[in-house]
Amino acid sequence: MVLAQGGLNPWLQNVFFLSGLIGARFLVAAWGGPGVFELLWSVLGAMAGAFLATVFISRRVVLMTDRGVVVLEYGRFGGVKPTRVLARLPWGTGMGPLSGLWARTELAGERLWVHRRWHRDAAAPRMPHVGKR
């Protein structure tokens, strides 16, 4: 199992977060608000930026089974609970060479970003064990 995200580059999510944070701070500074007020609006601005970035991403689960590779979609705000099957690919379909903190790959015609935590699991599927153990 590999978790991936499509759409917006993960590094751009930080840009949305920071722009919301900085924009709110500038807005409060223009109003001349007190310190606690400024902190509250900074947090709300950062949360708004993070929420806006979440609108532009799609979350995927890539399952590598003994029969093939299945790409599933799951919700933006909850846990990993798949909502629908997006693609069924032939067995042996790999995600390509992955490197870096967020590796860019393409699967089922969609550009996906895979975090380093999942790189080892994203290697080409191995032949399943057949017979008695």
Inset, instruction - Verify, without hydrogens or angle tests, whether W91 (side chain) and V69 (backbone) share a donor-acceptor contact under 3.5 angstrom. - result: no
Inset, instruction - Evaluate the side-chain proximity of R104 to R111: yes if any heavy-atom separation is below 4.5 Å, no if none is. - result: yes
Inset, instruction - Run through V55, L52, V15, I57 and flag the one making a side chain to side chain contact (heavy atoms under 4.5 Å, CB included) with L8. - result: I57
Inset, instruction - Identify the heavy atoms of M1 and V61 that sit nearest to each other, and give their distance. - result: CG-CG1, 3.8 Å
Inset, instruction - Enumerate the residue pairs fulfilling salt bridge (charged side-chain N to carboxylate O under 4.0 Å, His left out) with a member in residues 83-103, sequence neighbours excluded, ordered by first and then second residue. - result: E73-R84
Legend entry - Distance, nearest 0.5 Å, that separates CG of L112 from CG of L98: 10.5 Å
Legend entry - Candidates T83, V85, V62 - the one meeting side chain to side chain contact (heavy atoms under 4.5 Å, CB included) with L72: V85
Legend entry - same_hphob_cluster(L3, L63) at 4.5 Å side-chain heavy-atom cutoff: yes
Inset, instruction - Verify the cluster assignment for M47 and F16: are they in a single hydrophobic cluster under the rule of side-chain heavy atoms below 4.5 Å apart? - result: no
Inset, instruction - Enter the distance from L101:CG to W113:CH2 here, rounded to the nearest 0.5 Å. - result: 11.0 Å
Inset, instruction - Could you pull out the closest heavy-atom pair between Q5 and P10, with the gap in Å? - result: NE2-CG, 3.6 Å
Inset, instruction - Would you please classify the geometry between the H115 ring and the W102 ring as parallel, tilted or perpendicular, with 30° and 60° separating the classes? - result: perpendicular
Legend entry - T105 side-chain N/O to M95 backbone N/O, donor-acceptor pair under 3.5 Å: yes
Legend entry - Side-chain donor or acceptor of H119 paired with backbone N/O of V114 under 3.5 Å: yes
Legend entry - S58 side chain near E110 side chain, heavy-atom distance below 4.5 Å: yes
Inset, instruction - Show your working on side chain to side chain donor-acceptor pair (under 3.5 Å) between T54 and Q13 and close with a plain yes or no. - result: CA-CA 8 Å; T54 305; Q13 289 179 6; over 6 Å; no
